[in-house]
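Report on the following structure.
Naming convention: chains lettered A, B, ... in sequence-line order (proteins, then strands); numbering from 1 in each chain. Atom set for the values below is all heavy atoms of this structure, side chains included, hydrogens, waters and symmetry mates excluded.
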Amino acid sequence: MSGRRAVRDGLLVGNLETGEEVALAGTGCRICGEVTLGQNRLCPNCGGEEVEPLALSAKGKVWTYTVVRYPPPGDYKGADPFRPFALGLVELPDGLRVLAPLSCAPEQVRIGMDVVFQPRVRPDGVIQFEYAPAGEEAAQ
Amino acid sequence: MTEVVIIGAGIHPFGRFDKSAEEIGSFAARAALQDAGVAWADVQASYLSRMYLPATSGARILRRLGGTDMPIVDVEAACASGGAALHQALLAIRSGECEVVMVLGAEKMPRGFMDPRMIYADWQIEMGMSLNPAYWSMRAMRHMHEFGTTELQIAKIAYKNHKNSVHNPNAMYQKAFSLEEILNSPLVCDPIRRLEICAPDDGAAAVVVASADFARRIGARKPIRIAACVHTIARYSADFRCPADSMSATAHNDGPTEVTAAKAYEKAGLGASDINCFEVQDTDAFCELEIYEELQLCPLGEGGRLIDEGVTDITGKHPVNMSGGLISKGEPVGASHLGQVVELVTQLRGEAGPRQVDGAKVGLGHVLGAGGNCAVTILQR
């Protein structure tokens, strides 16, 4: 056992030990139809209890982004020494947008760019996630 | 319904001081009492707006004015704390329980980015998502993409606010910058630059609020009517702002500023075109541009045109942030809305000196921040 765990409980599905089929966890509401991030017992939109666990799509598009130019305050676990990185709000076909770091060079990021989900295992065994360019974007 | 008025206003400058919260807070509160011509013993309840100060700071600060057994309550609603506290005073007076209430905003904050543990979960901090400006910046990037808003238009807002600050002795920075200096200042989070962003700091501002009957009885000097004071939080997924980790792509709810302003306009029986001067949440320069649209000063996507046309200059049709805004004053979170209210009271009394808006009769204060907390106050002389 390597003792791998998700950066937040209920945020990832799949086999965290082997890394197989790891995806973002989502929750679908059978009442209002909203899909939300992570495993939720109640729908954050309507408060309904009739919810089902989902695995969110791996592929998405950058809806908007920024480049973080200063080290974020607090216990940041990214590159040390710090280097600027893009943070994107990625729209998934499931009907939600998810905030995450983008793994490519900040200059490469464009709104509408195709990206794909990538789990990242930290040295401390914690699995967090980011999005990487997909398809033609990745080839550039 | 009982008419509620502001009869006194006081402020301690915003900036960085080697003084305690008790010192700066009691300074502003005393100034407001003196301005109102009311004794501390006549005040029946007090509310302190604050976010970063410790428990029961209201009592700690206001006890300096003298012994009292009145209720003193700390109120917190992130950047909208001041609106939430003022709203409590309005309710206390409208209920008939009180005739005179003190509302104080005070804050002392360390330099640099705000302590993320106040707002974010550990995993968000670990993944690098704990920089507040990043959220505002992503809104700016999207706005530029959808509407063609430019970096120059965003810089023009910072230029205007810095220029206005020169006439505000209570601002932390009282310095004008050229557009070149602003556009050459370092990027913090693209496309927002160092000279386009507000910094946390220290400050305090206070108002004495009373029933109109009380104001008449004591012959209050230039009372200013509270035409509306509304605090809301963002509807489901209506606002992508810290500490959100995701948002719906299918729900289309109106944003918190739109909702709060619509409620405030309705209560006041006024529209955006009736308002002569505005103090709004310019956490960064883009934020002010977006708020033009959300307060209905212009249609969606045309905030850039408004700044280009000078509509929001101090000499324009709808001046915004005559005080220099948070970009110049800094944002002592709990004090920021009360600071806006003090500025508007000064404007509506015609006592703002070189930054006076000619003939100002109606003013609007707006704050917006974490969790989609938003407050709008409309004042009328």
Side-chain angles (χ1 to χ4, degrees), chain A residues 6-9 11 24 26 32-38 43-47 56 60 62-79 82 84-101 106 109-112 120 122 124 126 128-130, chain B residues 110-146 185-194 197 200 234-238 240-253 284 286:
Chain A
V7 69
R8 187 193 100 190
D9 287 344
L11 193 62
L24 277 180
C32 73
E34 279 293 309
V35 173
T36 49
L37 178 65
C43 170
N45 180 33
C46 70
L56 297 178
V62 174
W63 191 76
T64 188
Y65 72 99
T66 185
V67 181
V68 175
R69 303 266 173 192
Y70 287 83
D75 191 17
Y76 172 54
K77 302 281 195 189
F82 173 80
F85 65 96
L87 194 58
L89 192 57
V90 174
E91 184 159 325
L92 305 180
D94 312 82
L96 80 167
R97 301 176 188 129
V98 175
L99 182 66
V109 183
R110 296 286 177 271
I111 288 177
R120 186 165 75 76
R122 298 194 323 222
D124 59 4
V126 171
Q128 58 178 57
F129 66 98
E130 58 202 16
Chain B
R111 207 178 264 272
F113 298 118
M114 295 180 188
D115 183 350
R117 290 166 303 179
M118 291 285 284
I119 300 176
Y120 301 94
D122 288 347
W123 72 279
Q124 293 175 293
I125 297 171
E126 292 171 16
M127 283 178 54
M129 307 192 294
S130 61
L131 206 66
N132 295 358
Y135 295 76
W136 305 87
S137 298
M138 281 186 271
R139 300 179 69 86
M141 286 292 236
R142 185 70 200 177
H143 199 276
M144 292 166 77
H145 175 77
E146 281 188 31
S185 67
L187 284 161
V188 177
C189 289
D190 302 19
I192 302 300
R193 296 171 183 279
R194 183 80 77 81
I197 204 163
R235 294 174 180 172
Y236 168 72
S237 222
F240 185 71
R241 206 171 302 278
C242 61
D245 55 26
S246 57
M247 71 179 290
S248 172
T250 58
H252 299 289
N253 290 317
D284 63 73
F286 167 74

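Contact annotation for residues 118-126 of chain B against chain A (heavy-atom separation below 4.5 Å, listed by residue number): W123(B), I125(B), E126(B).
Of the listed residues G95(A), G74(A), A100(A), the one with more heavy-atom pairs under 4.5 angstrom with chain B than any other is G95(A). The residue among G78(A), P44(A), G88(A) with the most heavy atom pairs within less than 4.5 Å of chain B is P44(A). For the options L96(A), L11(A), V126(A), heavy-atom pairs under 4.5 Å to chain B are most numerous at L96(A). When the candidates A140(B), S248(B), A244(B) are compared by the number of heavy-atom contacts under 4.5 Å with chain A, S248(B) comes out ahead. Chosen from T250(B), N132(B), I192(B), the residue pairing most often with chain A at heavy-atom distances under 4.5 Å is T250(B). If you tally non-hydrogen atom pairs under 4.5 Å between each of S137(B), P116(B), P191(B) and chain A, the highest count goes to P116(B).
The backbone N or O of P72(A) sits nowhere less than 3.5 Å from a side-chain atom of S130(B) that would complete a donor-acceptor pair.
Around CZ of R235(B), the count of heavy atoms belonging to other residues, nucleotides or ligands within 6.0 Å does not exceed 12. Heavy atoms of other residues, nucleotides or ligands lying less than 6.0 angstrom from CZ of R194(B) number 12 at most.
Across every non-hydrogen atom of L87(A) and G128(B), the tightest pair is CD2-O, 4.1 Å. Minimum interatomic distance between Y236(B) and T36(A) (heavy atoms only, all atoms of both residues): OH-CG2, 3.5 Å.
Between H145(B) atom NE2 and R110(A) atom CZ the span is 12.0 Å, to the nearest 0.5 Å. To the nearest 0.5 Å, atom CG of residue L187(B) and atom OG1 of residue T66(A) are 8.5 Å apart. Taken to the nearest 0.5 Å, the OG1 atom of T64(A) stands 10.0 Å off from the CZ atom of R139(B). Taken to the nearest 0.5 Å, the CZ atom of R8(A) stands 10.5 Å off from the CE atom of M127(B). Here M144(B) contributes atom CE and I111(A) contributes atom CD1; the two are 9.0 Å apart, rounded to the nearest 0.5 Å.
Using a 4.5 Å heavy-atom threshold, the side chains of L37(A) and D245(B) count as touching. L131(B) places a side-chain heavy atom less than 4.5 Å from the side chain of P73(A). Counting heavy atoms from C-beta on, the side chains of M138(B) and W63(A) never come closer than 4.5 Å. A heavy-atom distance below 4.5 Å is not found between the side chains of F240(B) and R97(A).
For R117(B), no part lies under 4.5 angstrom from a heavy atom of chain A. Residue R122(A) touches chain B through its side chain alone, counting heavy-atom pairs closer than 4.5 Å. The part of F85(A) that comes within reach of chain B is its side chain, from C-beta onward, which places non-hydrogen atoms under 4.5 angstrom from that chain. Within the 4.5 angstrom heavy-atom criterion, no atom of P84(A) approaches chain B. Of the two parts of P133(B), neither the backbone nor the side chain holds a non-hydrogen atom closer than 4.5 Å to a non-hydrogen atom of chain A.
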